[in-house]
*Asks:* 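I am attaching a structure below and will ask some questions about it afterwards.
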Amino acid sequence: MAEAALSGTRAELLARWYDLDLRDDPGDLALYLALAARNGGPILELAAGSGRIAIPLAVAGHEVVGVDLDPAMLGRARASWDRARGRTGRRRIGSLELVEADLLEVELGRRFGLVLLALNSLLLLGTAERQQAAFATMARHLRPDGRALVDVWLPGPDDLVLYDGRLLLEWERADEASGQRVAKLAAARHDPATAVVELTTIFDAWPAEGGAPSRVSRTDRLRLVGAAELQRMAEAAGLRVETMGGDHELTPFGPGAERAVLVAGLV
């Protein structure tokens, strides 16, 4: 198993280690399940990745469409969905359609009761223009009575002071499927003038009994967005903000909030 994992493509390994990175639940799934129960389907998740959110929503009985540009991520999502369906036995569950497409350009020709852009995916778009285009995609796929949700991290001064290019070890974990040890390292630089973070993420993997590690890495351009700009982007796309939460429990946004969670409907 370890040898097979090391022979995967760079994209396949990055998708695999992404799942390992999110093995600890970020705590947002309960919010999406509650909104789905309230608003009904169908549900569209943009930047669905490996299905961490889309699959539980489908298992809960909803009709879900997940869009992502990364075929390796979608491959893991399909495999996870097949396993999830097998575990449910004869219990009635929903459906999951996975679409390989750019979320800024996708045209599905239908509207949804809930449209999600979860867990900092907006930041990864890198520029204000692309972020605004993501809101436009959400608006044009939203049902008149539907809801759109965007969730972003708000780093504080203690976070940003570390974004000076230093390389930090974030974790070391066991990958049970391959029997390997995996370490995640990251280095970031923050430009206050543009609110842009250049983030390099490195994953090292090696046999548990020891040996030479293999390494894969990626560099992303993140554009940080505050709550006020999120609201302006939503309104520019024809959305009306109903809630701005400071966490995944939708506690009203205020001083000290570490996240901005926007829920909006069409004007």
Side-chain angles (χ1 to χ4, degrees), residues 26 28 31-32 35-36 38-39 43-49 53-54 65-69 99 101-108 110-156 159-160 163 188 190-199 220-267:
D28 53 355
L31 170 61
Y32 304 131
L35 286 173
R38 187 185 77 181
N39 288 283
I43 299 167
L44 171 62
E45 185 189 3
L46 302 173
I53 294 167
V65 176
V67 173
D68 202 283
L69 192 57
V99 178
D102 186 334
L103 71 87
L104 304 184
E105 300 174 357
V106 67
E107 296 284 355
L108 296 173
R110 57 189 298 203
R111 290 181 176 262
F112 296 80
L114 183 62
V115 181
L116 305 174
L117 187 58
L119 202 64
N120 308 322
S121 294
L122 184 78
L123 306 185
L124 286 165
L125 297 177
T127 69
E129 294 75 19
R130 288 170 58 82
Q131 290 169 339
Q132 185 65 69
F135 274 96
T137 296
M138 299 182 83
R140 69 174 175 264
H141 286 91
L142 197 62
R143 212 169 54 200
D145 62 343
R147 298 294 180 273
L149 184 146
V150 178
D151 169 31
V152 299
W153 176 52
L154 304 176
D159 300 305
L160 296 177
Y163 289 1
H190 172 237
D191 179 5
T194 60
V196 168
V197 173
E198 294 285 348
L199 173 65
D220 295 296
R221 174 187 170 96
L222 286 71
R223 181 175 180 272
L224 304 178
V225 181
E229 187 176 7
L230 273 184
Q231 180 159 343
R232 288 194 297 271
M233 287 183 173
E235 292 171 348
L239 297 171
R240 175 176 51 83
V241 177
E242 296 181 353
T243 302
M244 183 73 75
D247 54 32
H248 294 133
E249 287 72 46
L250 295 184
T251 303
F253 185 84
E258 297 182 351
R259 309 201 67 81
V261 184
L262 177 147
V263 181
L266 289 175
V267 173

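On a predicted model such as this, the values are computed, not experimentally measured, just so you know. We number each residue from 1, following the sequence as shown.
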*Asks:* So which of N120, D247, D28 actually passes side chain to side chain donor-acceptor pair (under 3.5 Å) with R259?
*Replies:* N120
*Asks:* Start with the C-alpha distance between L160 and L224, add both sets of side-chain angles, then the distance that settles side-chain contact (heavy atoms from CB on, under 4.5 Å), and finish with yes or no.
*Replies:* CA-CA 11 Å; L160 296 177; L224 304 178; 4.1 Å; yes
*Asks:* With distance as the sole test, does D68 use its side chain to make a donor-acceptor pair with the main-chain N or O of G49 at under 3.5 Å?
*Replies:* yes
*Asks:* Please check: side-chain N/O of D102 versus main-chain N/O of L104, any donor-acceptor pairing under 3.5 Å?
*Replies:* yes
*Asks:* Where the side chain of H141 meets the backbone of L108, is there a donor-acceptor pair that is under 3.5 Å apart?
*Replies:* yes
*Asks:* Could you tell me whether the side chain of R147 and the main chain of D145 form a donor-acceptor pair under 3.5 Å?
*Replies:* yes
*Asks:* Is it true that, when you exclude E249 itself, more than 12 heavy atoms of the residues, nucleotides or ligands shown sit nearer than 6.0 Å to its CD?
*Replies:* yes
*Asks:* Please test I43 against Y32 for side-chain contact (heavy atoms from CB on, under 4.5 Å), starting from the C-alpha separation and ending with a verdict.
*Replies:* CA-CA 10 Å; I43 299 167; Y32 304 131; over 6 Å; no
*Asks:* Can you list, pair by pair, the side-chain donor-acceptor contacts under 3.5 Å of residues 121-128, counting residues two or more places apart and other chains?
*Replies:*
from : atom 1 : to   : atom 2 : distance (Å)
S121 : OG     : A118 : O      : 2.9
T127 : OG1    : R130 : N      : 3.1

*Asks:* If I take atom OG1 from residue T243 and atom CG from residue L149, how far apart are they, to the nearest 0.5 angstrom?
*Replies:* 9.5 Å
*Asks:* Answer whether the closest heavy-atom distance between the side chains of L154 and F253 falls below 4.5 Å.
*Replies:* yes
*Asks:* Ignoring hydrogens and geometry, is there a side-chain-to-backbone donor-acceptor pair from R143 to F112 under 3.5 Å?
*Replies:* no
*Asks:* Which pair of non-hydrogen atoms, one from V65 and one from R110, has the smallest distance, and what is that distance?
*Replies:* CG2-NH1, 3.7 Å
*Asks:* Pair F135, V150 - check side-chain contact (heavy atoms from CB on, under 4.5 Å), show working.
*Replies:* CA-CA 9 Å; F135 274 96; V150 178; 3.9 Å; yes
*Asks:* Under the 3.5 angstrom rule, does the side chain of T137 hit a backbone N or O of L103 as a donor-acceptor pair?
*Replies:* yes
